[in-house]
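Structure first, commentary second.
Quick note on labels: first sequence line is chain A, next is B, and so on, each numbered from 1. Just so it is clear, the model here is predicted, and its values are computed rather than measured.
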Amino acid sequence: MKIILLFLLLISFLFGQEDQQDSSYTLGSGKKVGSLPLYLGGYFSTDYRSTPETQHNRFRVDDIAFLAYGSSNKFSYMSELEYKEFYVKEWSDGNTSIQKHNKLRIERLYLDYNYDENLVLRVGKYNSPIGYWNLMPINVLRATTSSPLSSSMIYPKYTTGIDLSYLLFSDYEVKVDFLAQNNNDFDDAYNNFHIDKHYGVGVTYSKNDLSLKLNGGYFHTKKKVLPSDDIYYWLASLKYDNDHFKIMGELGTQFDKNGLLVPYSGYIQGMYRITEQHLPVIRFESYSSNVLLGRKKDQFVILGYTYRPVFPMAFKAEYQLHEDNEKDKVLFSFSVMF
Amino acid sequence: MKKVLLLLFFSFFLYGQKFAVVTKVNSTIPSLSKAKVKMIFLKKQKMSGDTVLIPINLSPSNKVRKSFEHTILGMSRNRLKSFWTKEHYLGHRPPLTMKSFKSVLSFIKKIDGSIGYVPLSEVNKEFKILYKWEEQ
C-alpha cells in the first residue's frame, strides 16, 4: 500500500508541474538526471473487470513500472523494472481472494549499438519485434484495457538475446529484423512462453500513414506445455494511422511438425479520434485453437471508449461481447505514464 | 476554431517565406529529401555515415517550428506529443530545443552532426543547406 501511495504522490507531483511554464518536465516524457545520460520515467495502471453472467469480479493494481534509459554516441540502453499484478482482488458469490506480487521483475534490459545509419544491434531482453501490438503493449499506450488474444497465443512476447535490425530509407521505409535467443530468459516470469530458444525474422514496409509487416519464427519451450516443445509461427500485421483515425490488424498461426496448434488468431481494430481526448474504439477478434482447454473457438467484439485529459493519462471503458455469453466482460482502467 | 484561426494567422505572416535545414559547412552530411529530414527529426535515422545526428528544434511557440511540423513532418502538435510519449517508452528522446535562430546556428557551428532549421535569410557561408522549403 505504501508503494502505491508513494507512486500516486509522485504522479501528482509530476503532473502538478506540467503547466508551470518554467518547468522542463512534461507528463509522459521522463526526467533527465543531472548531466548524466540517464532519463527516468515509468507507468502505472489499475483496472476493474466484471463478468456479468458468472458474477465474477476482479480489481487489480496491475503495472507499477520504472524506466531508465539514455544514450551516448553510438550506444543507447534501456531498462524497465516492473511490479506486475501488484495487488489482485477477486470476488464472486461471497468468495474473495487477494493476491500480492511484490517482487520487482526485469521487463526489458538491453543495449543498442548503432553501427551506421542503417544497422542497429541490440543485445539483452526486449519486446519481441513481432506485429505492432507487442511493441506498445502497456495499458496507457494501447487503445483498450484488454489486449487481443493473438498477442499472447502465437509468439513469445519477450526475447533475451540479440536483434539485428536493418533500416532502409527512401520515400518509404523498409525494416528487416533478425532476432535470436539461445539461452534462458533474464527473467521469464512475465513471458507468455518460457523459452530457451527463439529465432525469428520480420520485414516491415512503411509509407506515409500505412505500415505492413510480416513475421515468422521458431521457439523452443523449456517445459512441454504444448503438444510439442518445438514451435513455429507466422504473423501478418497492418497499421494505418493518420490525424483522424487508426486501424490496426494482426493475423497469426502457430504450428509444430505434426500440424496446427493455433490454426488462426487475429483481430482488426479501428479507433476514431473525435478529439485527442475522446477516442472510441471497436475491435473484432477471432481465434481457433487446438491446444486451449475448454472452448476451442471464439469470436467477439470489443466496444471501447478512452478519455485522455492529456495523452499520457487514460481512463478507459470497454465491453466485450462474446459468442459465448458467459465470457462477456466489462472493463474499466486508469493508467498514466510519467 | 481557435486552432484554425491561429493557423491562418501564422500562414498569412509566413506565406512565401523560405526556410532551410542546415548543418555546418564542412559537414559530410549529404543533401536530404523531405522524407529523410522527417526521419531525422523523428529520430528514426540516427546517423549519417559515421556521424551521429543531433537534430535541433525551435521552441514550441516559434512560427518557423509550426511551419516545419506542418510542412515537413506532416503531423499535428498533438500527434507529435503522443508520438514522443510512445518513444519515451522505447527509450528515445525528442530533439533538443533552442529558443532562437541565433542559438541554433551557434550550436551547429560548434557541434558535428547537429542539424537545425531556420529562415533562409539567416543562413550564411558558414552553413551547408541540406533542404529548403517555402511556406505555401
Among the options A:Ser29, A:Gly70, A:Gly30, pick out the one with the most heavy-atom pairs lying under 4.5 Å from chain B. A:Ser29
With respect to chain A, which residue among B:Lys86, B:Lys34, B:Lys36 yields the maximal number of heavy-atom pairs within a distance under 4.5 Å? B:Lys86
Shortest non-hydrogen contact between A:Ser170 and B:Ala35, atoms and distance: O-CB, 3.5 Å
Please classify the contact between A:Ser71 and chain B as side chain, backbone, both or neither, with a heavy-atom cut-off of under 4.5 Å. neither
Test A:Glu173 against B:Met39 for side-chain contact (heavy atoms from CB on, under 4.5 Å), laying out the working first. CA-CA 9 Å; A:Glu173 248 181 273; B:Met39 287 290 192; 2.8 Å; yes
Is it the backbone or the side chain of A:Tyr77 that comes under 4.5 Å from a heavy atom of chain B, or both, or neither? neither
Checking heavy atoms, do the side chain of A:Arg108, its backbone, both or neither come under 4.5 Å from chain B? side chain
Residues 88-112 of chain B: residues contacting chain A (heavy atom under 4.5 Å, by number): B:His88, B:Tyr89, B:Leu90, B:Gly91, B:His92, B:Arg93
Region of A:Asp112 that comes under 4.5 Å of a non-hydrogen atom in chain B: neither
As an exercise: rank A:Ser76, A:Ser79, A:Gly28 by heavy-atom pairs under 4.5 Å with chain B and give me the winner. A:Gly28
Should B:Gln45 and A:Phe169 count as side-chain neighbours, where that means a heavy-atom distance under 4.5 Å? yes
Are the side chains of A:Asp241 and B:Arg79 in touch, meaning some heavy atoms are under 4.5 Å apart? yes
Set of ring-ring contact (aromatic ring centres under 6.0 Å, His included) partners for A:Tyr110, sequence neighbours left out: none
If one checks every heavy atom of A:Lys246 against chain B at 4.5 Å, the contacting part turns out to be side chain
State, with a plain yes or no, whether a side-chain heavy atom of A:Gln277 is found less than 4.5 Å away from one of B:Asn78. no
In sequence, state the C-alpha distance, the side-chain angles, and the governing distance for B:Lys38 and A:Asp171, and then conclude on salt bridge (charged side-chain N to carboxylate O under 4.0 Å, His left out). CA-CA 10 Å; B:Lys38 182 176 176 176; A:Asp171 287 341; over 6 Å; no
